[in-house]
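A quick write-up on the structure given underneath.
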Amino acid sequence: MPQMSEVELYAAIRRDHRAGMKMRELERKHNVSWRTVEKAVDSVWPEPRKKLPPRPADSCGFRLDGPPPSRAAGRPMR
């Protein structure tokens, strides 16, 4: 079975719910959690994805071009 979009999944869950399927049957048939079934039955559209916060600047000192500064100076690790 090809992967369906979230909108198509919600529509299929609502269609089966209107046909009389119980919540547990919907969970098993569509392989989703009870929360997803609740959201699909209550709303026509899925919630939009949350925006991720901007990534911080590279101020942590992690470098990929060489060893960390403490090892480069010749100091032993603790």
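From a predicted model like this one, the values you see are computed outputs, not experimental measurements.
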Which residues share a salt bridge (charged side-chain N to carboxylate O under 4.0 Å, His left out) with Lys29, sequence neighbours left out: Asp16
CA sep, side-chain torsions, deciding dist, call: Lys39, Tyr10, side-chain contact (heavy atoms from CB on, under 4.5 Å): CA-CA 8 Å; Lys39 288 179 186 177; Tyr10 272 42; 3.6 Å; yes
Neighbour count >12 (heavy atoms, 6.0 Å) for atom CG, Asn31: no
What is the distance from atom [atom1] of [X] to atom [atom2] of [Y], rounded to the nearest 0.5 Å?
X: Met21; Y: His30; atom1: CE; atom2: NE2; value: 6.0 Å
X: Ile13; Y: Glu8; atom1: CD1; atom2: CD; value: 12.0 Å
X: Glu38; Y: Met23; atom1: CD; atom2: CE; value: 4.0 Å
X: Leu26; Y: Arg14; atom1: CG; atom2: CZ; value: 12.0 Å

hydrophobic_cluster_shared for Val41 and Trp34, side chain cutoff 4.5 Å: no
